[in-house]
Protein chains: 2
Amino acid sequence: MDDMADTVSEALPRDFEALRALILDRRESLPKRIAQVAAYALDNPDEIAFGTAASIASSAGVQPSTLIRFAQHLGYDGFTSLQQVFRERLRERTTSYEERLTVVRGDADDGTSNRRIVDGFLAAASKSIDVMSRNIDDETLDRAIDLLNGAETIYILARRRSYPVASYIAYALGKLGVRSQLIESASGLSPEIISFATPRDAVIAISFSPYASATVEEARVLSANGVPVVAITDSAFSPLAQFASVWFEVAEADFGGFRSLAATMALAMGLTVGVAELRRGRKGRKSANAKV
Amino acid sequence: MDDMADTVSEALPRDFEALRALILDRRESLPKRIAQVAAYALDNPDEIAFGTAASIASSAGVQPSTLIRFAQHLGYDGFTSLQQVFRERLRERTTSYEERLTVVRGDADDGTSNRRIVDGFLAAASKSIDVMSRNIDDETLDRAIDLLNGAETIYILARRRSYPVASYIAYALGKLGVRSQLIESASGLSPEIISFATPRDAVIAISFSPYASATVEEARVLSANGVPVVAITDSAFSPLAQFASVWFEVAEADFGGFRSLAATMALAMGLTVGVAELRRGRKGRKSANAKV
DNA sequence: AATAAAATGAACTGTATGTTCCATTTTCGC
DNA sequence: GCGAAAATGGAACATACAGTTCATTTTATT
């Protein structure tokens with residue numbers, strides 16, 4: 001047992017992914033109890049990283065010695081060296097962006113490296129995404145998509161900072177074969193276009209403080225005309241939240257006063273693709289969708 | 001020492017951020033060696049999480065007993081309980097978005113929950129951001145910002161999927177008082193606008209496979225006329241990379257064929273604010289910048 | 001400057017840990 | 001079905017560990 005283990009030609013995995021691959025590769029050939037440990041290890045990597053041999057063994061329903069045998073089977077010289085790999089896995093993803101954000105802010109004074117600026121925006125984006133993943137409500141989402149799904153034409157309303165999101169939605173809806181109309185301020189035709197909307201249509205309105213008055217006003221008019229409004233905004237006190245049929249609260253982190261758009265973008269894509277999926281399901285079966 | 005420590009009224013921090021705040025709060029009042037440990041702990045949280053009292057003490061340049069005193073000063077009953085907080089920190093951020101992405105993909109078949117779709121886009125965005133944070137090159141970034149800083153007018157070139165990024169750049173540059181010109185396909189005036197550009201200007205061109213021919217052609221013309229081009233694209237084989245003065249390779253993850261824009265957006269904001277910072281420095285001192 | 005109090009260093013100790021060993025059971029080849 | 005080899009359970013072992021103790025030094029107080 002001790003002489004064949006260390007004559008393996010391949011180097012031992014030093015990172016988790018390689019180890020995972022190795023385990024999956026040998027899965028078939030492992031003894032029962034060892035396989036049991038292997039399965040547990042891949043399912044509960046954190047436990048392996050932090051636990052003691054005894055506690056892990058108990059959780060996995062084996063003897064501590066089996067853990068050592070498992071490690072040795074893979075070529076490690078003991079449980080401890082195997083555990084290092086599981087710990088390394090946690091170390092790698094070490095600096096969360098939330099931490100970086102505070103760090104970046106902390107020493108923003110000592111010379112403005114451009115790298116630091118980009119890092120700041122990356123951190124803000126990452127944090128926004130994290131927050132959204134925790135806060136998004138399934139039911140609100142389902143209602144919004146249902147509502148949009150019923151629309152003949154989806155009107156998209158956003159100005160200034162939110163405009164990029166609107167243009168992305170319009171582009172994606174177009175690609176997905178959903179009829180939509182982007183309200184541009186440039187064209188100056190907003191009032192005419194808006195007057196075409198009926199209660200059988202729907203609106204996606206996006207606005208964050210300080211709310212663009214055009215967006216708010218147009219959304220209000222549309223809502224008053226019976227057109228259902230899905231709003232993406234930043235608080236319950238937003239004017240959009242007052243009359244929207246469904247509204248999302250999106251908390252974007254900012255860097256240097258510039259707020260991220262990452263979470264809003266992801267939500268927008270979710271709404272867009274969600275609607276498209278529904279319609280696709282209604283008609284036939286799914287068709288391959290090209291990269292967009 | 002043992003009777004005053006546990007009579008603290010406030011609950012002990014169970015999560016890292018609270019602990020960090022507590023330490024920073026008491027920083028002034030801590031004895032020298034204890035403060036030394038505190039500084040080390042905040043700088044090397046991973047070491048605290050995985051190391052032994054002896055190894056950490058050695059790294060931090062103190063006696064092991066000082067570590068225990070540090071923990072007790074904060075109100076914990078020993079080093080081990082303090083260490084739990086540092087370990088918990090690593091556990092929390094356990095499910096990385098990269099992992100979630102594969103999960104989401106894995107069971108994409110079993111009924112298409114809308115939540116799953118949004119999660120997919122969030123995961124793609126997060127992964128894109130992670131990849132960019134690892135790959136971005138400081139020198140390229142500095143060169144690009146230098147180049148843009150020298151421009152009289154910054155022309156922004158992007159179509160279709162990349163257009164939202166362009167519109168965001170244009171908006172932000174406007175807010176920051178940097179002269180820029182967004183090339184819209186809608187207006188049909190692109191050729192005329194482009195003909196105004198001189199070598200004293202600069203171009204930001206954004207395009208990903210499949211490259212919009214208008215973007216590529218216009219960028220090529222501008223470059224041929226001596227206007228320096230900063231390109232954001234997806235590979236060295238991109239047509240934009242051929243003639244760009246500086247180019248960034250951005251690898252965006254995708255979900256269901258829809259690529260994220262998160263990393264591109266963050267980079268774009270970095271370029272924008274980087275240029276603005278440079279110019280602000282050139283003129284006077286920094287002015288407060290409002291949320292955008 | 002003298003004294004008390006707090007902080008520090010370093011050796012010590014009980015314990016909990018990873019590992020080894022061996023008896024027993026199971027699996028596999030013939 | 002028999003014998004050998006591998007696998008397993010469980011206890012014993014050596015040690016590395018966190019925590020304690022105490023002598024010494026440093027800091028604060030009067």
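Numbered from 1 within each chain, the chains take letters A, B, ... in sequence-line order. Just so it is clear, the structure is predicted and the values come from calculations on it, not from any experiment.
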Side chain of [X] - closest among [options]:
| X | options | answer |
| --- | --- | --- |
| Gln63(A) | dT20(C), dT8(C), dG9(D) | dG9(D) |
| Ala53(A) | dG18(C), dA10(C), dG10(D) | dG18(C) |
| Thr66(B) | dT20(C), dG9(C), dA7(C) | dG9(C) |
| Arg69(A) | dA10(C), dA18(D), dG9(D) | dG9(D) |
| Thr80(B) | dA18(D), dA7(C), dT8(C) | dA18(D) |
| Arg33(A) | dA7(C), dT8(D), dT20(D) | dT8(D) |
| Phe79(B) | dT8(C), dA18(D), dT20(D) | dA18(D) |

Where Phe86(B) and Ala41(B) come nearest, the two heavy atoms and their spacing: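 Result for this residue pair: CE2-O, 3.7 Å.
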Spell out, as yes or no, whether a donor-acceptor pair under 3.5 Å connects the side chain of Thr66(B) to the backbone of Val62(B).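 Here the side-chain-to-backbone pair does not exist.
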Does Glu88(A) use its side chain to pair, donor to acceptor, with the backbone of Phe16(A) at less than 3.5 Å?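 No: the side chain of Glu88(A) does not pair with the backbone of Phe16(A).
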Roughly how many Å is it from [atom1] in [X] to [atom2] in [N], rounded to a whole number?
| X | N | atom1 | atom2 | answer |
| --- | --- | --- | --- | --- |
| Gln72(A) | dA7(D) | CD | C1' | 13 Å |
| Phe50(A) | dT17(C) | CZ | P | 16 Å |
| Asp77(A) | dT20(C) | CG | P | 9 Å |
| Leu30(A) | dA6(D) | CG | P | 16 Å |
| Lys32(B) | dG9(C) | NZ | C1' | 13 Å |
| Leu82(B) | dG19(D) | CG | C1' | 14 Å |
| Phe70(A) | dT19(C) | CZ | P | 14 Å |
| Ile34(A) | dT27(C) | CD1 | P | 14 Å |

Test applied, side-chain contact (heavy atoms from CB on, under 4.5 Å); reference residue, Val118(A); option that passes from Leu141(B), Val273(B), Leu271(B):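 Result for side-chain contact (heavy atoms from CB on, under 4.5 Å) with Val118(A): Leu141(B).
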Checking only heavy atoms, does the side chain of Thr52(B) share a donor-acceptor pair with the base of dA16(D) at less than 3.5 Å?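 No such pair is found, so the answer is no.
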If you go through the side-chain atoms of Ser65(A), does one of them form a donor-acceptor pair with the base of dG18(C) closer than 3.5 Å?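 By the distance-only test, no, there is no pair.
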Arg87(A)/Asp46(A) salt bridge by N-O under 4.0 Å criterion: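 The answer is no: the pair does not qualify as a salt bridge.
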Base, sugar-phosphate, or nothing: which does Leu67(B) touch, judged by heavy atoms less than 4.0 Å apart?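 Here Leu67(B) touches no strand at all.
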